[in-house]
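I have placed the structure first, in the form of structure tokens, so that the comments after it can refer back to it.
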Amino acid sequence: MKRLLLPLIGLLLLPSVVTSGHLGTKKELIITTESTKQSIDLAKHLTEQGVVKYSAYWCPNCLYQSELFGKQAYEELNVVECARDGKNSQTQLCIDKKIEGFPSWEINGKIIIGAKTLKDLSELTGYRSGSD
């Protein structure tokens, strides 16, 4: 009887586990690197210039790009999440902008696909750090 009872209890509890709220949690990139003053200043500059990063939480190149900035600087960026199940997803905007790869950068109205170095982003936006 015990052998039948335990699996039966498991089956009865399974629906509550499968439908529990934590499975509906929206996904996001988890950045672990620390920012430098320069990366924070660059991120602020990019935002002031209206630069937008189009990203997907599951994209390894997006994570690499974000780690270059570090978590503090990343918070300063204007990032659009394109994945439907991503946190604060704006999938329709990504479709409307015709985003074809991740990450993509919108700089001066032009979409540029691919991860860029901080130096590349500085050059593309005319940023000069205080140490230049």
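In terms of hydrophobic clustering, with Ile, Leu, Val, Met, Phe, Trp and Tyr side chains grouped at heavy-atom distances under 4.5 Å, Tyr64 and Leu42 are assigned to a common cluster. Hydrophobic clustering keeps Val52 apart from Phe69 (ILVMFWY residues linked when any side-chain heavy atoms are closer than 4.5 Å, directly or through intermediates). Side-chain heavy atoms closer than 4.5 Å link hydrophobic residues (I, L, V, M, F, W, Y) into clusters, and following such links, even through other members, never connects Trp105 to Val80. Tracing side-chain contacts under 4.5 Å through hydrophobic residues (I, L, V, M, F, W, Y), one never reaches Ile40 starting from Ile31; they form parts of separate clusters.
The line from CG of Asp85 to OG1 of Thr91 is 8.5 Å long, rounded to the nearest 0.5 Å. Atom-to-atom distance recorded for Gln38:CD and His45:NE2 is 14.5 Å, nearest 0.5 angstrom. Atoms CD and CG, on Gln65 and Leu121 in that order, are 5.5 Å from each other to the nearest 0.5 Å. To the nearest 0.5 Å, atoms CG (Asn108) and CG (Leu124) are separated by 9.0 Å. Between the NZ atom of Lys71 and the OG atom of Ser39 there is a distance of 12.5 Å, given to the nearest 0.5 Å. Here the NZ atom belonging to Lys116 is positioned 10.5 Å from the CG atom belonging to Asn61, to the nearest 0.5 angstrom.
Asn88 CG: 12 or fewer foreign heavy atoms inside a 6.0 Å radius.
Using a 4.5 Å cut-off on side-chain heavy atoms (C-beta onward), Tyr57 and Lys87 make no contact. In this structure the side chain of Tyr127 never reaches within 4.5 angstrom of the side chain of Val51, judged on heavy atoms.
At a cut-off of 3.5 Å, with distance as the only test, a side-chain donor of Asp96 or Gln92 sits close to an acceptor on the other residue.
When all heavy atoms of Ser55 and Leu29 are compared, the pair lying nearest together is OG-CD1, 3.8 Å. Closest heavy-atom contact between Ala83 and Ser89: O-OG, 2.8 Å. In terms of heavy-atom proximity, Lys53 sits nearest to Cys62 at NZ-O, 3.5 Å. Taking each heavy atom of Ala73 and Ala43 in turn, the nearest pair found is O-CB, 3.3 Å. Closest approach of Gly70 and Thr33 over heavy atoms only: CA-OG1, 3.2 Å.
Residues satisfying the salt bridge (Lys or Arg N to Asp or Glu O under 4.0 Å) test with Glu67, not counting sequence neighbours, are none. Residues satisfying the disulfide bond (SG atoms under 2.5 Å apart) criterion with Cys82, sequence neighbours excluded, are Cys94. With sequence neighbours left out, the side-chain hydrogen bond (donor to acceptor under 3.5 Å, both in side chains) criterion links Tyr74 to no other residue. Under the ring-ring contact (aromatic ring centres under 6.0 Å, His included) criterion, Phe102 pairs with Trp58, sequence neighbours left out. For Thr47, there are no side-chain hydrogen bond (donor to acceptor under 3.5 Å, both in side chains) partners two or more places apart in sequence or in a different chain. Under the salt bridge (Lys or Arg N to Asp or Glu O under 4.0 Å) criterion, Glu100 pairs with no residue, sequence neighbours left out. Remark: Lys44 engages no residue in a salt bridge (Lys or Arg N to Asp or Glu O under 4.0 Å) (not counting sequence neighbours). Taking the salt bridge (Lys or Arg N to Asp or Glu O under 4.0 Å) definition, one finds that Glu106 meets it with Lys97, sequence neighbours left out. Remark: Ser104 pairs with Tyr54, Ile99, Ile111, Ile113 by the side chain to side chain contact (heavy atoms under 4.5 Å, CB included) rule, at least two apart or across chains. Scored by the side-chain hydrogen bond (donor to acceptor under 3.5 Å, both in side chains) test, Asp120 finds Thr117 as partners (sequence neighbours excluded). In this structure Gln72 satisfies the side-chain hydrogen bond (donor to acceptor under 3.5 Å, both in side chains) test together with Glu34, Ser35, sequence neighbours excluded.
For residues 77-100, no residue pair satisfies the ring-ring contact (aromatic ring centres under 6.0 Å, His included) rule, not counting sequence neighbours.
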